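Worksheet: the structure to be examined is printed underneath.
Naming convention: chains lettered A, B, ... in sequence-line order (proteins, then strands); numbering from 1 in each chain. Bear in mind the structure is a predicted one, so any value in this text is a computation, not a measurement.
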Amino acid sequence: MGEAGPVVRIAGRLESWRPKGKVGFGHLEDATGRIQIYLRADQLGEAWNLVPLLDLDDHLGITGRLMRTRAGEITVRATAVELLAKSLRPLPRPKREVLEDGTVRSHGGVADPEFRTRQRYADLAVHPEVREVFRLRSRVVTRIRSFLDQRDFLEVETPVLQTLYGGAAARPFVTHHNALDLPLYLRIADELYLKRLIVGGLERVYEIGHDFRNEGMDRAHNPEFTMLELYQAYADYHDMMELAEALVADLVREASAGGSRLTRGGVELDFTRPFRRVRFVEGIREGSGLDVLTASEDDLRRRLREAGAPPEEASSWAGAKLLDEMFAAFLEPRLVQPTFVVDYPKPISPLAKVHRDDPRLTERFELLVQGREYANAYSELNDPDDQRARFEDQLRQRAAGNEEAQPFDADYIRALEYGMPPTGGMGVGIDRLVMLLADQPSIRDVILFPSMRPED
RNA sequence: GGGGGCGUAGCUCAACAGGUAGAGCAAGAGACUUUUAAUCUCUAGGUAGUGGGUUCGAGUCCCACCGCCCUCACCA
């Protein structure tokens with residue numbers, strides 16, 4: 001029975017406690033796992049007086065010899081017990097039943113998703129698998145940094161509080177600076193500051209940080225979320241595609257113990273390079289039989305109605321909206337395996353550089369997996385005159401009531417006037433990427449403290 | 001913002017043509033020197049999310065509000 005095992009000192013939470021007269025068995029749990037403890041009055045002496053006062057979830061320090069019970073479980077037979085910290089409120093633990101075939105069945109526990117996100121501390125304390133999701137998240141971010149650092153990218157920090165916001169179409173959060181008596185905006189994107197750094201000669205930069213968008217929340221959106229943006233001088237969207245492919249394949253290796261496949265929602269996804277590439281226009285033509293660049297808007301609307309779009313709504317669609325709908329109906333759903341959709345039409349890509357071979361298109365791609373977007377990249381617009389014209393267009397849209405139109409950023413134009421080299425840029429939503437890698441269905445499952453209404 | 005669902009003890013869940021609430025775990029007291037969903041005895045714990053209404057009587061029906069979830073729209 002291994003009475004003479006080595007002496008060990010352990011610490012952890014009291015996860016279970018089964019008192020039995022002048023002895024008691026329980027399990028102590030820490031981040032690395034759980035182990036049984038065996039407390040005996042005749043071994044503990046004075047310290048036994050502490051035992052009746054123990055509560056589940058107390059933090060204990062135990063010293064004792066390792067032994068094996070009749071049932072064969074490795075156990076610490078305590079010679080000393082120390083109360084390290086008290087638990088006044090029991091955690092909502094499930095009871096674990098080990099069945100004869102070795103499977104573990106849980107009884108009780110917390111099921112309420114509201115409880116789990118409001119009291120994330122309790123959720124984490126009770127669910128090792130939730131802790132594992134956030135460990136993976138941390139490994140993913142670390143891996144992104146080392147991937148980019150190896151390629152001579154410089155990690156930088158740009159303002160979160162901005163006097164002008166831009167770089168995306170979204171409504172900002174507004175706050176106020178008392179000393180300057182100025183409104184300030186929480187950034188909706190890092191883009192314009194990072195590109196200023198490209199002008200400044202920091203030729204490869206990236207930032208991982210929170211962006212804030214004052215918009216709706218759902219399973220894929222949280223008001224603050226984590227974004228990776230990176231910019232590389234003397235590069236274009238082809239270089240960005242190479243980079244995206246290498247980065248994502250690297251992260252899949254991290255999440256799959258060295259493999260190149262993930263099974264998500266029962267679907268096996270293969271991230272072996274190269275990923276499939278589909279031209280926006282050709283992909284839609286394959287799905288719909290129509291070329292969105294040459295077909296009339298009437299034909300596009302008719303085709304969408306045939307495919308089941310609500311007729312009344314469909315007849316109001318035009319321009320960029322129509323292109324989006326064609327993409328959503330005839331290409332996006334077919335893109336299950338990792339795929340680069342490339343060369344988006346100009347009307348739906350206002351921030352991208354015009355395509356070198358076709359003025360109707362832009363040098364842009366998105367990486368899609370299971371119909372979801374994971375990266376968005378361009379050959380960056382670096383012509384100050386064109387940029388000025390686009391800001392002016394945004395101003396007109398703003399005047400027409402589009403609250404998401406971007407303000408005119410004269411300082412950014414000034415930066416471009418000094419000459420920005422041709423640059424490739426890319427944005428990757430970290431939360432959604434972690435959802436993919438950790439196989440979690442909601443953004444709330446990969447953000448430790450997602451936004452919620454207050455309880456009172 | 002539209003539609004749908006849910007909200008009963010700290011946690012997981014019950015009940016009943018609408019008749020004034022019950023169990024397991026957790027908690028408190030006690031028994032038990034190899035237990036492991038320990039077991040056994042006992043105790044306490046709920047103005048049923050909030051506020052109205054219908055009714056002799058409402059957790060149960062109706063309305064409003066609050067919160068969460070799903071879904072559509074919007075949004076990258």
Side-chain angles (χ1 to χ4, degrees), chain A residues 1-3 14-28 34-44 48 51-57 67-75 77 87-99 104-119 122-123 126 167-171 188-189 191 211 213-223 225 227 229 310 313 321 324 327-328 332 348-351 366-368 372-376 402-404 427-429 431-432 441-444 450-456:
Chain A
M1 210 164 279
E3 291 294 323
L14 189 62
E15 183 244 25
S16 63
W17 179 236
R18 297 175 293 281
K20 209 171 169 296
K22 298 216 171 341
V23 306
F25 288 88
H27 279 89
L28 225 54
R34 60 200 285 274
I35 187 169
Q36 184 163 254
I37 58 173
Y38 179 32
L39 309 187
R40 295 174 58 104
D42 58 10
Q43 296 229 323
L44 288 173
W48 179 257
V51 171
L53 304 176
L54 292 180
D55 284 306
L56 282 183
D57 299 311
M67 57 167 267
R68 208 177 267 280
T69 63
R70 277 181 201 155
E73 181 165 352
I74 290 174
T75 300
R77 186 208 295 249
S87 166
L88 299 178
R89 188 188 288 271
L91 289 167
R93 287 186 181 280
K95 283 250 172 182
R96 304 154 44 97
E97 177 185 15
V98 182
L99 301 176
V104 176
R105 194 198 298 171
S106 290
H107 302 267
V110 258
D112 180 9
E114 181 176 356
F115 182 104
R116 296 181 59 180
T117 42
R118 279 201 195 284
Q119 301 190 39
D123 182 38
V126 152
R171 280 186 288 174
I188 60 173
E191 175 151 353
D211 289 344
R213 298 189 184 174
N214 208 339
E215 291 172 346
M217 304 160 57
D218 59 34
R219 157 168 63 161
H221 297 83
N222 196 63
F225 59 99
M227 186 74 125
E229 285 193 35
E313 250 182 86
K321 176 67 177 169
D324 271 334
F327 176 65
E332 202 172 42
I348 55 175
S349 310
L351 303 169
E366 290 190 351
L367 172 60
L368 281 94
R372 270 223 182 105
E373 178 213 327
Y374 288 93
N376 186 14
N402 179 358
E403 290 185 61
E404 294 182 347
V428 179
D431 311 279
R432 291 184 189 179
S442 168
I443 198 167
R444 289 176 217 110
S451 299
M452 294 188 90
R453 284 203 154 82
E455 286 180 79
D456 299 312

Taking only residues two or more places apart in sequence or in another chain, which ones pass side chain to side chain contact (heavy atoms under 4.5 Å, CB included) with A:Lys22?
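A:Lys22 satisfies side chain to side chain contact (heavy atoms under 4.5 Å, CB included) with A:Ala41 only.
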Starting from P on B:C70, measure out to CG on A:Asp112 and report it in whole angstrom.
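One finds 12 Å between P of B:C70 and CG of A:Asp112, rounded.
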Indicate whether OP1 or OP2 belonging to [N] is found under 4.0 Å from a side-chain N or O atom of [X].
X	N	answer
A:Arg444	B:C68	no
A:Lys321	B:C74	yes
A:Arg96	B:A38	no

Touch check for [X], heavy atoms < 4.0 angstrom, all strands: base, sugar-phosphate only, or nothing?
X	result
A:Arg171	nothing
A:Arg432	nothing
A:Glu366	base
A:Glu114	sugar-phosphate
A:Ala170	sugar-phosphate
A:Arg372	nothing
A:Gly216	nothing
A:Arg89	nothing
A:Phe115	sugar-phosphate
A:Asp42	base

Wobble G-U and Watson-Crick pairs count when both distances are under 3.5 Å; given that, what is the 5' to 3' dot-bracket string of RNA chain B, with | for pairing to other strands?
(((((((..((((.....[..)))).(((((.......))))).....(((((..]....))))))))))))....
Tell me whether [X] contacts the main-chain N or O of [Y] through its side chain, where contact means a donor paired with an acceptor under 3.5 Å.
X	Y	value
A:Asp57	A:Ser87	no
A:Arg213	A:Ile188	yes
A:Glu366	A:Glu373	no
A:Asn222	A:Ser451	yes
A:Arg171	A:Glu215	no

Per-nt protein contacts along nucleotides 23-31 of chain B (heavy atom under 4.0 Å; B base, S backbone sugar-phosphate only, - none) come out as --SS-S---
Decide side-chain contact (heavy atoms from CB on, under 4.5 Å) for A:Leu56 and A:Arg93; before the verdict, give the C-alpha distance in whole Å, the side-chain angles of both, and the deciding distance to 0.1 Å.
CA-CA 10 Å; A:Leu56 282 183; A:Arg93 287 186 181 280; 5.5 Å; no
Check this for me: does the side-chain of [X] come within 3.5 Å of the base of [N] through a donor and an acceptor?
X	N	answer
A:Glu73	B:U35	no
A:Ser16	B:U36	no
A:Arg70	B:U34	no

Nearest-nucleotide comparison on RNA chain B, the residue closer to the 5′ end among A:Gly72 and A:Arg453
A:Gly72
With nearest nucleotides of RNA chain B determined for A:Arg18 and A:Phe225 from heavy-atom distances, which residue corresponds to the more 5′ nucleotide?
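With A:Arg18 and A:Phe225 compared, the 5'-side residue is A:Arg18.
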Taking only residues two or more places apart in sequence or in another chain, which ones pass salt bridge (charged side-chain N to carboxylate O under 4.0 Å, His left out) with A:Arg40?
A:Asp42
Under the salt bridge (charged side-chain N to carboxylate O under 4.0 Å, His left out) test, residues paired with A:Glu73 that sit two or more places apart:
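Once residues adjacent in sequence are excluded, A:Glu73 has no partner under the salt bridge (charged side-chain N to carboxylate O under 4.0 Å, His left out) criterion.
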In whole Å, what separates the C1' atom of B:A15 from that of B:U34?
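Rounded to whole Å, the distance is 41 Å.
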For the C1' atoms, the ones on B:G46 and on B:C61, what distance do you get once it is rounded to whole angstrom?
22 Å
N/O donor to acceptor pairs below 3.5 angstrom from side-chain atoms of residues 105-112 of chain A, sequence neighbours left out:
unit_1, atom_1, unit_2, atom_2, d
A:His107, NE2, A:Glu97, OE1, 2.8
A:Asp112, OD1, A:Glu114, N, 3.1

Heavy atoms from other residues, nucleotides or ligands near CZ of A:Arg372 exceed 12 (cutoff 6.0 Å):
no
